Protein chains: 2
Amino acid sequence: MGNIKAIANGSKKDVILKKAAALFRLKGFKASSMRELALTIGVEAPSLYNHIVSKSELLQHICFSVANEFTLQLQEVELSKVSNTKKLEQLIRFHIKMMVHSFDEVYVANNEWKYLDEPYLSDFLKQRRVYENKMVQLVKEGILKKELKNVHPYVSVLTILSAVRGVEFWQRQKKDISVEELENNMVNQLLTGLTNI
Amino acid sequence: MGNIKAIANGSKKDVILKKAAALFRLKGFKASSMRELALTIGVEAPSLYNHIVSKSELLQHICFSVANEFTLQLQEVELSKVSNTKKLEQLIRFHIKMMVHSFDEVYVANNEWKYLDEPYLSDFLKQRRVYENKMVQLVKEGILKKELKNVHPYVSVLTILSAVRGVEFWQRQKKDISVEELENNMVNQLLTGLTNI
DNA sequence: TAACAAAACTAACGCTTATTAGTTTTTAAG
DNA sequence: CTTAAAAACTAATAAGCGTTAGTTTTGTTA
């Protein structure tokens, strides 16, 4: 039929991973068939198995490469010598940028992780829990330093992490607003609110 | 094997719908089989078809009953004679309450609507678009009345609607914080922000 | 050009799926 | 008790799934 075109500096597996992320995002992991994935690549389904181990492996790779990117960025932010408010702002901006530039992958990690097999499922959830707890810690410290209002730290983190996922909807009608505008508006609403006083 | 126990004031179909919402929420629509649904009800899979038309019909019913509840509440809020800020607050609180009290159904409507068949899929998306646009209008008016900051209305609505979905995470560890506390904290963060000044 | 490895192909397997057909059991009314 | 309807059952179907086996084509190096 055809053959898998490797992109510059990327293996054929990378091509499969990219197409898989796009398909899984669009149709969901369970509703995406290996035959359909192969079709978007221009190859027969069994040919994929010369490059990958299984369908599950694709999901694992997508979920953990996203999780690792977030974990890495969090570690970097934690080390930086700025206020806790600024740290939270940096994280919010990073989340938005990830949603914009790696939309398929982030969406899949956010919405399809439940189809991970063990032990990957437990590992993923653990990594996410650690991430959340570290953000909660940032908020707690910000409150102690009087930078932040006396909010419930966990609810605050949960609100932030959910809010940034709203970029998903922006993806569909990105025409009339730039990434910078999106980012600034979202950061402002989360940090300083919507109302005048 | 068994038989479907109708709950007080509800048909057997209602029982199936309730169990379907719970299963679809937990495993996702595509990964939920009619056999497994039947098992949770205590009946063989083909027996379900004495009460329902198809698996798709279950999803349609769940999605549209949720969508209609939100649409109805929005109409009520629009008619009330309070400030636009208060209208938005009422809507946020309603979203949180729905996430708390009809979690399975709202989650399914939020996350599994893509598996709706046509023409239901288009109808659902249209109804959601209308809902979003009406919220955008509330924000626009609030800005004109100087109640609200000069934010980008669409980004603001998208942030609010995503943020309230964060209640999903609260559902897993609801022990150490009450619904009221959750609701007040989330409303405050969205309307007045996280930072001191 | 010969030889070897990589990667494509076709065919098929075993399994699961939603759903239908046909039959038996349960429930409710006269 | 009889009867009719409702709702359960068993068995089976056709379609789709991820994946494997075995074979052929393609690409690379000597």
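Naming convention: chains lettered A, B, ... in sequence-line order (proteins, then strands); numbering from 1 in each chain. Remember, predicted model here, so these are calculated numbers, not experimental data.
Judged by distance alone with a 3.5 Å cut-off, no donor-acceptor contact links the side chain of A:Asn50 to the base of C:dA6. No N or O donor and acceptor, one from the side chain of A:Arg35 and one from the base of D:dG16, sit under 3.5 Å apart.
Remark: P of C:dA6 and CD1 of A:Ile52 are 18 Å apart, rounded to the nearest angstrom. Nucleotide D:dG22 holds its C1' atom 17 Å from the OH atom of A:Tyr49, rounded to whole Å. In this entry the distance linking NZ of A:Lys30 with P of D:dG16 reads 18 Å, nearest Å. Atoms CD1 (A:Ile41) and P (C:dA7) sit 14 Å apart, rounded to a whole Å. The interatomic distance linking A:Lys27 (NZ) with D:dG16 (P) rounds to 13 Å, in whole Å. Counting to the nearest Å, the P atom of D:dC17 and the CG atom of A:Leu23 are 11 Å from each other. Atom P of nucleotide C:dC15 and atom CD of B:Glu36 are separated by 19 Å, given to the nearest angstrom. Here the P atom of nucleotide D:dC17 and the CG atom of A:Leu58 are 16 Å apart, to the nearest Å.
Between the side chain of B:Glu147 and the backbone N or O of B:Lys86, no donor-acceptor pair lies under 3.5 Å.
Side-chain contact between B:Phe70 and B:Phe94 is present, with at least one heavy-atom pair separated by less than 4.5 Å.
Residue contacts shown for B:Ser56 are absent, as no nucleic acid heavy atom lies under 4.0 Å away.
Partner of A:Arg93 under the side chain to side chain donor-acceptor pair (under 3.5 Å) criterion, out of A:Glu89, A:His95, A:Gln90: A:Glu89 alone.
Nearest to the side-chain atoms of A:Ser47 among the listed nucleotides D:dA7, C:dC9, C:dT19 stands C:dC9. Taking only side-chain atoms of A:Ala45, from C-beta outward, the nucleotide of D:dT19, C:dC9, D:dT10 with the closest atom is D:dT19. Of the candidate nucleotides C:dT17, D:dA7, C:dA8, C:dA8 has the atom lying nearest to any side-chain atom of A:Lys12.
An OP1 or OP2 oxygen of C:dA8 is reached within less than 4.0 angstrom by a side-chain nitrogen or oxygen of A:His51.
No continuous path of ILVMFWY side-chain contacts below 4.5 Å connects A:Leu26 to A:Val167, so the two sit in separate hydrophobic clusters.
With a 6.0 Å cutoff to the six-membered ring centre and a 45° limit on the axis angle, B:Lys114 does not count as a cation-pi contact of B:Phe124.
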